[in-house]
> 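Mind looking over this structure? Questions follow.
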2 protein chains.
Amino acid sequence: MSSASASEPDTGEILPDWVRPIVKESLSERAYRELRVALMRGQLRPDTRLRLRPMSVRFGISATPMREALLRLVAEKALALDARGTVVVPRLTLDQLLEIRAIRTDLEGRAAAAGADRRATEVDELEAIHAQISQCHASRDFARAVNLNTEFHLALCRLGQMPILYEIVELLWVRCGPILSHLYDNGVPDWEPHPHRRIIDALRRGNSDAARDAVREDIEHGGSGLFAHVRA
Amino acid sequence: MSSASASEPDTGEILPDWVRPIVKESLSERAYRELRVALMRGQLRPDTRLRLRPMSVRFGISATPMREALLRLVAEKALALDARGTVVVPRLTLDQLLEIRAIRTDLEGRAAAAGADRRATEVDELEAIHAQISQCHASRDFARAVNLNTEFHLALCRLGQMPILYEIVELLWVRCGPILSHLYDNGVPDWEPHPHRRIIDALRRGNSDAARDAVREDIEHGGSGLFAHVRA
DNA sequence: GACTGTAATTTGTTATAACAAGCATCAGGC
DNA sequence: GCCTGATGCTTGTTATAACAAATTACAGTC
């Protein structure tokens with residue numbers, strides 16, 4: 001047909017850059033993605049129930065793709081099912097929060113170590129994010145600081161060039177999303193130097209062990225404000 | 001009502017053991033579970049396409065729950081979607097296999113360390129599994145040895161009492177399922193003592209560092225037979 | 001024979017309806 | 001007042017059909 005086929009077209013001619021595969025995003029995909037960022041941004045409170053039909057009218061789609069989007073997030077443990085089968089925003093338990101921190105220590109630590117021999121320009125992105133975080137702390141804009149902190153850790157993980165690890169860590173952050181807004185409830189710990197800085201410096205020196213240790217310290221000593229919002 | 005309610009019934013009477021919550025397993029859940037164990041047991045070869053309607057007739061259910069089961073496994077990355085949107089058994093790349101091993105080193109290592117102060121009876125289960133593995137090696141029953149090896153590692157992870165970590169590790173094993181049957185293609189490495197034994201001994205001594213190291217060695221030096229069946 | 005255009009089949013996607021189970025509301029009786 | 005029972009509504013689950021896109025099969029043409 002006239003449309004560009006994926007497998008080698010007729011001519012050996014090189015295609016212009018603007019010829020790229022059409023991305024067809026299904027309705028369920030769109031709902032899924034929207035809900036996911038809402039979760040990560042802390043816009044859905046724990047114990048909120050996401051009933052199927054009300055949700056589908058809110059998204060302007062039918063029940064089938066809506067159910068698909070919700071169940072996908074349930075499969076990722078970003079959402080949960082209550083006894084009735086209704087989708088609900090889960091409330092982390094203390095044990096779960098501690099476990100997530102332990103796993104993050106291992107995985108983010110490994111990603112940082114793996115990213116220690118990266119080009120300087122890639123570390124610049126981290127530097128820029130941390131600069132914005134400091135700025136937010138100064139101006140007391142904690143809501144934005146929370147999201148930037150998340151972005152810092154995820155960008156750090158991307159540096160490790162380990163897609164599977166990244167995906168796991170991202171899921172852990174999504175699971176913490178609903179309580180992340182309380183990250184700085186206990187105030188901002190005024191450690192000197194900030195662990196983020198120690199991470200960045202270690203990366204620039206190419207010292208993978210130091211990077212791993214700095215990540216561990218950042219995870220272990222931060223986030224104390226979250227403990228007030230977990231169960232048991 | 002007449003049915004046993006979950007929250008404390010009228011009387012303070014202790015309920016007999018045989019009174020247990022009714023488990024209503026949906027059709028999609030059943031299909032999901034069946035496909036999952038088939039995957040973990042290596043009964044689905046990479047690149048196999050699982051088309052929606054043929055699958056649903058094979059399971060004797062309609063398209064909706066079938067699609068739900070398939071997409072749930074896709075969400076867990078145990079299955080994948082090709083360009084057309086057809087569900088397909090993924091073929092691991094070399095990078096993915098290496099990454100999975102690295103992640104398993106961290107997580108299974110942590111689980112082993114956390115399980116080092118467990119009751120002796122729980123370690124006995126590991127001992128029993130490993131005994132069966134040795135037996136299978138002796139009798140050249142490699143197909144069973146593969147499944148037992150998987151069970152050994154998962155049982156070890158359960159010892160750590162970290163549900164989130166366990167679930168992540170289990171997913172990694174499911175992803176390797178389709179090529180796991182080739183675990184011993186290069187023969188059984190006749191190391192002495194077997195890393196499993198070192199793991200068990202370390203657990204019995206309550207030495208978490210030794211347990212972690214033994215796990216690392218088991219993961220790093222085992223599974224060389226898999227590399228022949230990954231891409232790139 | 002190789003290529004091309006068309007028809008038929010199969011594919012994933014979405015909407016809709018039927019179903020059963022659960023919950024809430026409210027009237028009625030003690 | 002409090003409990004009981006019925007009714008109606010809302011919930012998740014499943015089946016089915018309509019749709020569009022893509023692939024396949026096949027015949028016609030050069």
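In what follows, chains are A, B, ... by sequence order, proteins preceding strands, each numbered from 1.
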> Looking at B/Arg175 and B/Glu99, is there a salt bridge between them, counting it only when a charged N and a carboxylate O are closer than 4.0 Å?
no
> Are the side chains of A/Val215 and A/Ile219 in touch, meaning some heavy atoms are under 4.5 Å apart?
yes
> Rounded to the nearest Å, what distance is computed from the CZ atom of residue A/Arg67 to the C1' atom of nucleotide C/dT16?
15 Å
> Parallel, tilted or perpendicular for A/His196 and A/His153, by the 30°/60° rule?
perpendicular
> Specify the separation, in whole Å, of atom CE of B/Met55 and atom P of C/dT10.
17 Å
> Which nucleotide sits closest to the side chain of B/Ala63: C/dT14, C/dT11, D/dT16?
D/dT16
> Measure the distance from CZ on A/Arg49 to P on D/dT11 and round it to the nearest whole Å.
9 Å
> Measuring to OP1 and OP2 of D/dT11, would you say a side-chain N or O of A/Arg84 lies under 4.0 angstrom away?
no
> Please report the distance, rounded to the nearest Å, between CE in A/Met66 and P in C/dT13.
16 Å
> Using atom CD of B/Glu29 as one end and atom C1' of D/dG12 as the other, report the distance to the nearest whole Å.
14 Å
> Rounded to the nearest Å, what distance is computed from the CD atom of residue B/Glu68 to the C1' atom of nucleotide D/dA15?
13 Å
> Heavy atom of residues 69-83 of chain A under 4.0 Å from DNA chain D: which residues?
none
> Identify whether any heavy atom of A/Leu52 sits under 4.0 Å from a base atom; if not, whether one sits that close to sugar-phosphate; answer base, sugar-phosphate or nothing.
base
> For A/Gly60 and for B/Thr86, find the nucleotide of DNA chain C with the closest heavy atom, then tell me which residue's nucleotide is more 5'.
B/Thr86
> Would you kindly check whether a donor in the side chain of B/Arg53 faces an acceptor in the base of C/dG12, or vice versa, at under 3.5 angstrom?
yes
> Sequence neighbours left out, cut at 3.5 Å: what donor-acceptor pairs do the side chains of residues 79-87 of chain A make with other protein atoms?
from	atom 1	to	atom 2	distance (Å)
A/Asp82	OD1	A/Arg84	N	3.0
A/Asp82	OD1	A/Gly85	N	3.0
A/Asp82	OD1	A/Thr86	N	2.8

> If the threshold is 4.0 Å, N to carboxylate O, is there a salt bridge linking A/Glu108 and A/Arg216?
no
> May I ask you to verify whether the side chain of A/Ser26 and the base of C/dT14 hold a donor-acceptor pair under 3.5 Å?
no
> Using a strict 4.0 Å threshold on nitrogen-to-oxygen distance, state whether B/Arg36 and B/Glu76 make a salt bridge.
yes
> To the nearest Å, how far apart are A/Glu25 CD and C/dT13 P?
13 Å
> Atom CD of A/Glu68 and atom CD of A/Glu29: how far apart are they, to the nearest 0.5 Å?
9.0 Å
> Test for a donor-acceptor pair under 3.5 Å between the base of D/dT14 and the side chain of B/Ser28, counting only N and O atoms.
no
> Nearest whole Å is fine: how far is C/dT11 C1' from B/Arg51 CZ?
9 Å
> Reading DNA chain C from 5' onward, which residue's closest nucleotide shows up sooner: B/Pro54 or A/Thr64?
B/Pro54
